[in-house]
Number of protein chains: 2
Amino acid sequence: MQPLPPAESLNQRLADIGLRSTPQREVVYSELLRKRDHPTAEEVFARVKSELPTISLATVYNCLETLVQCELVRAVNFERSPTRYCPNLRPHAHFHDEQTGRTYDIDLPPAVLSEVNQVLPAGFDASSVEITFRGQARPAS
Amino acid sequence: MQPLPPAESLNQRLADIGLRSTPQREVVYSELLRKRDHPTAEEVFARVKSELPTISLATVYNCLETLVQCELVRAVNFERSPTRYCPNLRPHAHFHDEQTGRTYDIDLPPAVLSEVNQVLPAGFDASSVEITFRGQARPAS
DNA sequence: TGTCCTATTTGGAATAATTCCAATTCCAAG
DNA sequence: CTTGGAATTGGAATTATTCCAAATAGGACA
């Protein structure tokens with residue numbers, strides 16, 4: 001029950017949903033894993049160009065969308081700013097620092113998650129819940 | 001400690017932050033209160049035109065932004081879809097029905113809200129938290 | 001190995017929501 | 001009245017993203 005190494009798990013997940021493994025998908029995914037600072041598509045694009053100089057922005061968007069479908073990556077939205085991408089698979093909330101714009105992952109204990117889900121009245125069936133804080137961060141770490 | 005009637009409270013809030021009361025702001029606000037279905041700016045624009053035929057879309061955006069500053073209205077974002085506006089001042093989460101696109105307010109008991117806020121490590125000071133469910137709704141009401 | 005078929009990538013155009021801007025218009029105070 | 005700042009207006013600009021049609025790339029199979 002160890003997590004698979006990234007490349008393994010990517011190839012596996014792609015195969016699971018009938019998609020191919022490609023250099024573009026691999027590079028985009030490993031870039032997300034390398035620097036987990038919730039980059040935008042444009043930022044990922046800039047970063048992967050050194051590895052794959054001919055990659056296009058459209059492909060970066062495609063790959064990111066594919067990774068989201070594979071459930072290896074979460075798309076995160078703050079207000080109207082560009083979508084950011086996050087390869088953290090543990091249940092977590094996001095904290096958006098209003099001064100710096102930085103985003104932090106906040107682990108969500110199962111107990112809290114289940115209490116949150118209990119606020120839903122009968123007839124509401126949630127497939128996902130997203131919790132987003134905004135404020136000022138001065139993290140110890 | 002009764003809530004003030006809407007117009008009162010709007011004029012009050014505007015005055016508090018040094019802004020004027022205008023027909024546009026009043027009409028936009030009362031339209032939000034009249035049909036609380038989380039309309040987009042375009043939808044508000046369409047609805048207020050009968051009352052104020054010369055109002056412009058830019059003004060609707062301005063007014064909505066002003067109401068948000070007054071803290072009489074919350075801006076709600078789902079993924080990348082257009083911002084929706086919500087005049088519900090009670091602490092609540094949003095439930096986004098993936099089939100119909102409809103949005104429901106879900107009351108948040110203070111206990112849940114405070115438990116959610118407790119997941120924040122030291123050094124994280126949240127000014128607001130937004131909880132969004134996605135899924136399928138078949139509400140009793 | 002070569003061929004074919006389809007998935008994928010690519011670049012550029014198109015779209016959609018929102019913001020910007022400069023020119024009026026509107027008030028409210030003096 | 002006049003005047004100064006606030007607010008509104010219409011249209012242009014911006015930004016993130018999606019769309020699209022053409023080119024490329026891989027894998028299956030003869």
Side-chain angles (χ1 to χ4, degrees), chain A residues 7 10-11 13-29 31 38-49 51-70 73-86 96 101 103, chain B residues 10-11 13-29 31 38-49 51-70 72-86 96 101 103:
Chain A
L10 173 57
N11 292 349
R13 297 289 185 106
L14 286 169
D16 288 351
I17 57 176
L19 300 177
R20 291 184 188 164
S21 179
T22 69
Q24 290 85 347
R25 286 169 179 169
E26 282 168 11
V27 166
V28 166
Y29 184 44
E31 177 53 41
H38 304 84
T40 63
E42 290 274 5
E43 285 165 348
V44 172
F45 180 48
R47 293 176 191 178
V48 299
K49 268 198 273 197
E51 186 86 4
L52 232 52
T54 62
I55 198 171
S56 76
L57 179 57
T59 299
V60 171
Y61 273 102
N62 292 341
C63 292
L64 289 168
E65 174 54 27
T66 300
L67 293 170
V68 169
Q69 280 171 226
C70 288
V73 165
R74 270 169 67 181
V76 185
N77 288 285
F78 299 115
E79 256 105 90
R80 306 255 85 224
S81 51
T83 301
R84 298 175 168 277
Y85 296 87
C86 168
H96 186 66
T103 299
Chain B
L10 172 56
N11 292 349
R13 296 288 185 106
L14 287 170
D16 289 350
I17 57 175
L19 300 177
R20 291 182 188 165
S21 179
T22 69
Q24 289 85 347
R25 287 171 178 167
E26 283 169 10
V27 166
V28 166
Y29 185 45
E31 178 52 42
H38 304 83
T40 64
E42 290 276 3
E43 285 165 349
V44 172
F45 180 48
R47 292 174 191 179
V48 298
K49 268 199 273 199
E51 186 86 5
L52 231 52
T54 63
I55 197 171
S56 75
L57 178 57
T59 299
V60 171
Y61 273 104
N62 292 340
C63 291
L64 290 168
E65 174 54 28
T66 298
L67 293 170
V68 169
Q69 282 171 224
C70 288
L72 288 171
V73 166
R74 270 169 68 181
V76 185
N77 287 286
F78 299 115
E79 256 106 89
R80 306 256 85 222
S81 53
T83 301
R84 298 177 167 275
Y85 297 87
C86 167
H96 185 66
T103 297

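Keep in mind that what you see is a predicted model, and the values were worked out from it rather than measured. Below, chain A is the first sequence line, B the second, and so on; all start at residue 1.
- Between A:F78 atom CZ and D:dA16 atom C1' the separation is 16 Å, expressed in whole Å.
- Note on A:T83: only backbone sugar-phosphate atoms sit closer than 4.0 angstrom, heavy atoms only; bases stay farther off.
- When the shell of 6.0 Å around CD of A:E51 is examined, it contains 12 or fewer heavy atoms from other residues, nucleotides or ligands.
- Chain A approaches DNA chain C over the interval C:dT6 to C:dT18, counting the first and last nucleotide 5' to 3' with an atom under 4.0 Å from its heavy atoms.
- B:S21 contributes atom OG, which lies 6.0 Å from atom CG of B:L14 (distance to the nearest 0.5 angstrom).
- Of the residues in residues 59-70 of chain B, those placing a heavy atom less than 4.0 Å from an atom of DNA chain D are B:T59, B:N62, in numerical order.
- With B:R25 contributing its side chain and B:R20 its backbone, the two residues share a donor-acceptor pair below 3.5 Å.
- A:E42 places its CD atom 8 Å from the P atom of D:dT17, with the value rounded to the nearest Å.
- In this structure, the CD1 atom of B:I17 is 13 Å from the C1' atom of D:dA6, given to the nearest Å.
- Screening A:V76, A:V60, A:V68 for a side-chain contact (heavy atoms from CB on, under 4.5 Å) involving A:Y85 leaves a single residue, A:V68.
- Close to D:dT9, at under 4.0 Å from its OP1 or OP2, lies a side-chain N or O of B:Q24.
- When the P atom of D:dA16 is taken as reference, atom CD of A:E43 falls 10 Å away, rounded to whole Å.
- Counting non-hydrogen atoms under 4.0 angstrom, B:T54 reaches the backbone sugars and phosphates but no base.
- Positionally, the nearest nucleotide of DNA chain C for B:L57 lies more toward the 5' end than for the other of B:L57 and B:P23.
- When all heavy atoms of A:H38 and A:R84 are compared, the pair lying nearest together is O-NH1, 2.7 Å.
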* **Pair B:R80-A:N77, side-chain contact (heavy atoms from CB on, under 4.5 Å): steps then yes or no** => CA-CA 8 Å; B:R80 306 256 85 222; A:N77 288 285; 3.2 Å; yes
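- With hydrogens and angles disregarded, no donor-acceptor distance shorter than 3.5 Å links the side chain of A:Q69 to the backbone of A:T66.
- To the nearest 0.5 Å, atom CG of residue A:L67 and atom SG of residue A:C86 are 12.0 Å apart.
- Side-chain proximity of B:R20 to D:dT17, D:dA7, D:dG10: nearest is D:dA7.
- Residue order along DNA chain D, read from the 5' end via each residue's closest nucleotide, puts B:R25 first among B:R80 and B:R25.
- One interatomic measurement links the two molecules: NZ of B:K49 to P of D:dT9, which rounds to 12 Å at whole-angstrom precision.
- Between the CD atom of A:E26 and the SG atom of A:C63 there is a distance of 10.0 Å, given to the nearest 0.5 Å.
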